[in-house]
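Data first, discussion second: the structure below is written as structure tokens.
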Amino acid sequence: MKKLLFSASPLGSRLADVAWLLLRLHIGLSIAIGAGWAKLVSMTTATEAAKLVGGQAALGPPDWFVQQVATLGFTFPSPYMWAWLATWGEFAGGLLIAFGLLTRWSAVQLAFQFFVIAFLWYETPEPVLGMYYQQLLFWCFVLVTVVGGGRYSLDYALTKNRSLLRELVPTRRVATATAALVLFLTTACLAGGGSLKSDLLIEPGKQFALGGGQPGAFRVVARNTGTVSVEIKERPRGGGIFGKATLAPGQRAILRFLPGSTALLLNPSDKKARIDLHVTGDTNLSMGYEVSGKL
């Protein structure tokens, strides 16, 4: 078990180990910062790092990524859960690869993610000849899974110092109990009352649906940060549609939705709408555009 977790060995020469370290740093940090962290704080450009200073970082997957995950079929129990796991997997997994800790485990989960992106998300994937970044990263993570961390990694340092390894690595029973506790707490946070933040862009004439069929009620704090008005309605579980509010640019509203209800956000204009959402209560919600626009 310890060998599987921390297995690492030197390559053929120190020069090869240095090159391997540089590759690990590049793919690890580029994924952690450029993909994982950028999604967690909803950055669309580097200048939006100011969100961190202002305390506006959501630390959760943006709605466009949740929609992308849902279109790939990852909808049970919730696309938000899978988007959350994928986003944190990119951030934490990339850092672990860069530092060389649990290198193979991190590379396996990232290889799976980029297999989905490179070969399932693309309409016409080219397994060998495709020249796009996602496929290159997939094969890089496969290679890291096979090779491990190399000489210049925390895995190798822990493996070489066996006394330190005994102190840092818990027994199998303790490790199993800890993993079970982490899984339980994560599931409880995702399934129970949590918090969801999103900087939502709604295409012209489109209607965005949030929730529908969930067992609990939820509350939405909505603030129109765009230049056009947004209509917010509620569609209860039993049918029908009820108007809740029409937010002009700059306006804010606090809205409550019943268990099983769907929150409908309609952009009736010919320009993109932008609305900042903070959802609490039952946040295990489906989300995505309605098939038809106005209802």
Side-chain angles (χ1 to χ4, degrees), residues 1-39 68-69 72-74 82-122 124-166 168-172 175-176 178-179 182-183 186:
M1 183 65 176
K2 293 177 181 178
K3 288 183 178 180
L4 181 62
L5 283 170
F6 298 106
S7 173
S9 56
L11 302 183
S13 66
R14 289 189 180 273
L15 182 60
D17 277 301
V18 170
W20 187 246
L21 171 62
L22 294 176
L23 176 66
R24 273 192 10 248
L25 288 172
H26 170 65
I27 63 174
L29 294 177
S30 64
I31 288 300
I33 306 302
W37 185 247
K39 291 189 186 77
Q68 187 180 96
V69 169
L72 288 169
F74 293 87
W82 289 109
W84 188 93
L85 291 174
T87 303
W88 279 99
E90 289 174 338
F91 178 59
L95 290 179
L96 289 173
I97 287 177
F99 289 110
L101 181 63
L102 298 174
T103 311
R104 285 192 170 93
W105 287 70
S106 302
V108 164
Q109 63 95 12
L110 282 169
F112 172 75
Q113 285 197 48
F114 279 87
F115 174 82
V116 173
I117 298 171
F119 302 114
L120 301 182
W121 184 64
Y122 271 75
T124 55
E126 301 177 41
V128 177
L129 300 179
M131 294 180 63
Y132 46 92
Y133 187 60
Q134 291 84 352
Q135 186 180 143
L136 176 62
L137 283 172
F138 165 73
W139 290 114
C140 283
F141 292 130
V142 169
L143 185 61
V144 174
T145 302
V146 174
V147 177
R151 181 191 302 271
Y152 303 116
S153 66
L154 292 177
D155 285 342
Y156 181 70
L158 291 171
T159 305
K160 187 175 181 181
N161 191 341
R162 297 183 180 276
S163 60
L164 177 61
L165 183 62
R166 292 192 194 98
L168 293 180
V169 180
T171 63
R172 182 178 299 179
T176 303
T178 303
V182 171
L183 179 62
T186 301

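Along the sequence shown, the residues carry numbers beginning at 1.
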Side chains of residues 139-153: which donor-acceptor partners sit under 3.5 Å, not counting sequence neighbours?
{"from": "Trp139", "atom 1": "NE1", "to": "Gln135", "atom 2": "OE1", "distance (Å)": "3.4"}
{"from": "Thr145", "atom 1": "OG1", "to": "Phe141", "atom 2": "O", "distance (Å)": "2.8"}
{"from": "Arg151", "atom 1": "NE", "to": "Asp17", "atom 2": "OD2", "distance (Å)": "3.3"}
{"from": "Tyr152", "atom 1": "OH", "to": "Arg14", "atom 2": "NH1", "distance (Å)": "3.3"}
{"from": "Ser153", "atom 1": "OG", "to": "Gly150", "atom 2": "O", "distance (Å)": "2.9"}
{"from": "Ser153", "atom 1": "OG", "to": "Tyr156", "atom 2": "N", "distance (Å)": "3.2"}

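The environment of Tyr133 atom OH is dense: over 12 non-hydrogen atoms of other residues, nucleotides or ligands sit within 6.0 angstrom. Heavy atoms of other residues, nucleotides or ligands lying less than 6.0 angstrom from CH2 of Trp82 number 12 at most.
To the nearest 0.5 Å, the span separating CG on Leu110 from CG on Leu137 amounts to 9.0 Å. The distance from atom CG of Leu154 to atom CG of Leu158, rounded to the nearest 0.5 Å, is 6.5 Å. Between Gln113 atom CD and Leu85 atom CG the span is 9.0 Å, to the nearest 0.5 Å. The distance from the CG atom of Leu21 to the CZ atom of Phe99 is 11.0 Å, given to the nearest 0.5 Å. Note that CG of Leu29 and CG of Leu95 are 7.0 Å apart. Values are rounded to the nearest 0.5 Å.
Ring geometry for Phe119 against Phe138 counts as perpendicular: the plane angle is over 60°, on a 0 to 90° scale with 30° as the lower cut. A perpendicular orientation is assigned to the rings of Trp88 and Phe91, their planes being inclined by more than 60° (bins at 30° and 60°).
Taking the side chain as every heavy atom from C-beta outward, Leu101 and Asp155 approach each other to under 4.5 Å.
Scanning for side chain to side chain contact (heavy atoms under 4.5 Å, CB included) contacts around Ala92 gives an empty result, with sequence neighbours left out.
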